[in-house]
Amino acid sequence: MRQTLLVQIHEDAEADCEWQLLAAGASTPLQSGLAALQQILEQAEGARIVVLVPSELVLLTAVKLPIRQPGKLLQAVPYALEEQLAEDVDQLHFAAGDRQSDGSTPIAVVSHANMQGWLERFGAHRPQVEMLLPDVLALPAPPEQVLYLDDRGRCLVRTGTAAGFAVPLDLLAATLQGEDGAGATVYRHEQAASPPEGLELPEGRRVRRNLELLNHIQQPQQRINLLQGPYAPRREMAQWLRAARLPAALAAGYLLFATVVMALDNYRQAQQLDQLQQQALAQFGRAFPEETRIVDMRVQARQALERLRGSGGGGGFLQLFTHSAPALARVRDLKLDGLQFRDGSLYLSLSGSDLQALERLRAEFSRISELKLDVQQAQAGTEGVQIRLKVDAA
């Protein structure tokens with residue numbers, strides 16, 4: 001059986017890559033190392049190639065749609081996810097994982113530009129590439145959350161069977177939204193930087209090289225191969241085409257039958273599309289309640305997202321929330337019940353047991369020079385303290 005070359009590539013095409021050469025069915029590598037990609041490929045003649053790509057360039061999400069056929073599912077996915085995406089769906093590639101026990105289907109979204117750029121690096125060895133996998137999905141599958149602090153200032157966070165993300169280490173505390181990571185399984189590269197101040201993580205296991213840990217690629221239900229649709233390996237496509245050929249003697253009868261089936265299927269798809277559009281409008285209304293008149297949902301969603309990010313010198317939602325998160329995390333007596341971003345300000349609704357926690361929160365915010373805190377409401381009652389804060393850029 002063929003050997004497998006496992007290689008991790010980075011955004012920088014010139015950076016050296018870690019690699020392992022594995023015998024069929026083996027977990028212990030025959031060879032491994034760190035080298036330029038072209039030098040690695042010279043040693044991989046005839047091997048199947050599995051490529052780990054940067055997860056920060058891939059969105060991992062999931063959909064629940066009443067469609068089981070993979071081809072039709074991927075046709076509907078862009079409509080179901082369009083409101084979550086800042087880019088035009090025509091510029092994006094969608095890949096699906098195995099359907100999960102709860103009825104959801106994991107989806108990976110990546111730009112066509114990145115897909116084409118990654119595959120071009122392999123040149124004449126492109127036909128040997130049989131899998132492109134976000135590197136976060138090569139972590140051990142979690143019973144709970146799994147964190148890996150690598151040697152490039154990143155943290156890979158695997159949150160589910162086929163779910164996770166990558167984040168710069170200095171934004172990890174804000175991304176975990178106040179959780180201290182104590183319940184997570186933690187791994188660290190021996191050259192990994194320390195976590196941000198205020199974030200307590202278990203020491204965990206240390207590894208010398210990334211691929212000592214990022215080699216859990218065997219279980220199909222725990223991964224999403226990005227090589228689907230237009231990027232599927234040609235060999236597999238050729239096999240599918242041969243299997244799809246019908247005996248010539250049945251061609252005429254089949255065409256009539258297929259026409260009827262297609263008409264019924266088109267009718268069902270039209271109904272499903274209408275249902276998806278209604279769901280998209282409802283989700284848009286919940287996400288952007290200030291948009292009372294919907295003309296072009298894609299354009300309006302993009303504009304609303306730009307307002308959330310902030311423009312010019314203003315404080316957008318992400319900037320205000322990122323700076324506020326450490327202060328909120330340190331005052332554990334207050335619980336964040338809700339937040340709202342309106343007219344360039346972030347409104348926070350909190351609850352707690354006493355007003356002393358509010359004073360501690362004031363003190364935490366006073367240390368953040370980028371923010372200005374305004375207490376709009378603080379009421380104590382039989383059910384505790386209800387607080388409403390307004391946060392603006394200083």
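These values consider heavy atoms only, across backbone and side chains, with no hydrogens, waters or symmetry-generated copies.
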| query | Who are the salt bridge (Lys or Arg N to Asp or Glu O under 4.0 Å) partners of Arg330, not counting sequence neighbours? | reply | Glu364
| Does anything in residues 137-161 pair up under salt bridge (Lys or Arg N to Asp or Glu O under 4.0 Å), and if so which pairs, sequence neighbours excluded? | Glu56-Arg154, Asp135-Arg154, Asp150-Arg154
| remark: For Asp170, the side-chain contact (heavy atoms from CB on, under 4.5 Å) test, sequence neighbours excluded, returns Pro168
| Criterion side chain to side chain contact (heavy atoms under 4.5 Å, CB included) on Asp16 and Leu37, from CA distance to verdict | CA-CA 7 Å; Asp16 286 348; Leu37 180 58; over 6 Å; no
| said: The criterion is side chain to side chain donor-acceptor pair (under 3.5 Å); which residues satisfy it with Glu42, sequence neighbours excluded? | reply: none
In a table with atom names and distances, give each donor-acceptor pair under 3.5 Å that connects a side chain of residues 109-125 to protein atoms at least two apart or in another chain.
{"from": "Ser111", "atom 1": "OG", "to": "Asn114", "atom 2": "N", "distance (Å)": "3.1"}
{"from": "Ser111", "atom 1": "OG", "to": "Asn114", "atom 2": "ND2", "distance (Å)": "3.1"}
{"from": "His112", "atom 1": "ND1", "to": "Tyr231", "atom 2": "OH", "distance (Å)": "2.7"}
{"from": "His112", "atom 1": "NE2", "to": "Leu92", "atom 2": "O", "distance (Å)": "3.0"}
{"from": "Arg121", "atom 1": "NH1", "to": "His10", "atom 2": "O", "distance (Å)": "2.9"}
{"from": "Arg121", "atom 1": "NH2", "to": "His10", "atom 2": "O", "distance (Å)": "2.9"}
{"from": "Arg121", "atom 1": "NH2", "to": "Glu11", "atom 2": "O", "distance (Å)": "3.3"}
{"from": "His125", "atom 1": "ND1", "to": "Gln128", "atom 2": "OE1", "distance (Å)": "2.9"}

| query | Got a sec, which residues hit salt bridge (Lys or Arg N to Asp or Glu O under 4.0 Å) with Glu359, two or more places apart in sequence or on another chain? | reply | Arg362
| Which heavy atom of Ala163 sits nearest a heavy atom of Leu60, and at what distance? | C-CD1, 4.3 Å
| field | Interatomic spacing from CD in Glu190 to CZ in Arg208 - rounded to 0.5 Å | value | 7.0 Å
| field | Heavy-atom check, side chain of Val51 versus side chain of Leu6, under 4.5 Å | value | no
| remark: Residues at least two apart in sequence or cross-chain that pass side-chain contact (heavy atoms from CB on, under 4.5 Å) with Glu82, listed by chain then number, are Val89, Arg298
| message | Show the nearest heavy-atom pair for residues Phe365 and Ser324, with the distance to one decimal. | response | CE2-OG, 3.8 Å
| Pairs meeting criterion salt bridge (Lys or Arg N to Asp or Glu O under 4.0 Å) with involvement of residues 336-345, two or more places apart | none
| task | Please name all residues satisfying salt bridge (Lys or Arg N to Asp or Glu O under 4.0 Å) with Arg360, sequence neighbours left out, ordered by chain then number. | result | Asp333
| Pairing residues for Glu18 by the salt bridge (Lys or Arg N to Asp or Glu O under 4.0 Å) criterion, not counting sequence neighbours | none
| field | Within-4.5 Å side-chain heavy-atom neighbours: Leu21 and Thr4 | value | no
| task | Evaluate the side-chain proximity of Val58 to Val136: yes if any heavy-atom separation is below 4.5 Å, no if none is. | result | no
| task | Measure the CG-CD distance between Leu139 and Gln145 for me, rounded to the nearest 0.5 Å. | result | 11.0 Å
| message | Run the side chain to side chain contact (heavy atoms under 4.5 Å, CB included) test on Leu255 and Phe257 for me, step by step, so that the C-alpha distance in whole Å, both residues' side-chain angles and the decisive distance to 0.1 Å come before the verdict. | response | CA-CA 5 Å; Leu255 286 175; Phe257 174 74; over 6 Å; no
Using atom types as modelled, flag every donor-acceptor pair under 3.5 Å from a side chain in residues 100-107 to any protein atom, sequence neighbours excluded.
{"from": "Gln100", "atom 1": "NE2", "to": "Asp98", "atom 2": "O", "distance (Å)": "2.7"}
{"from": "Asp102", "atom 1": "OD1", "to": "Ser104", "atom 2": "N", "distance (Å)": "3.0"}
{"from": "Asp102", "atom 1": "OD1", "to": "Ser104", "atom 2": "OG", "distance (Å)": "2.6"}
{"from": "Asp102", "atom 1": "OD2", "to": "Ser104", "atom 2": "OG", "distance (Å)": "3.4"}

| Looking at side-chain heavy atoms only, is the closest gap between Val50 and Val7 below 4.5 Å? | no
| query | Got Leu156 and Phe165 here, is their nearest side-chain heavy-atom distance under 4.5 Å? | reply | no
| Do Asn215 and Leu22 have side chains that get closer than 4.5 Å, going by heavy atoms? | no
| By the rule that ILVMFWY residues connect when side-chain heavy atoms come within less than 4.5 angstrom, directly or transitively, which residues belong alongside Leu273? | Tyr79
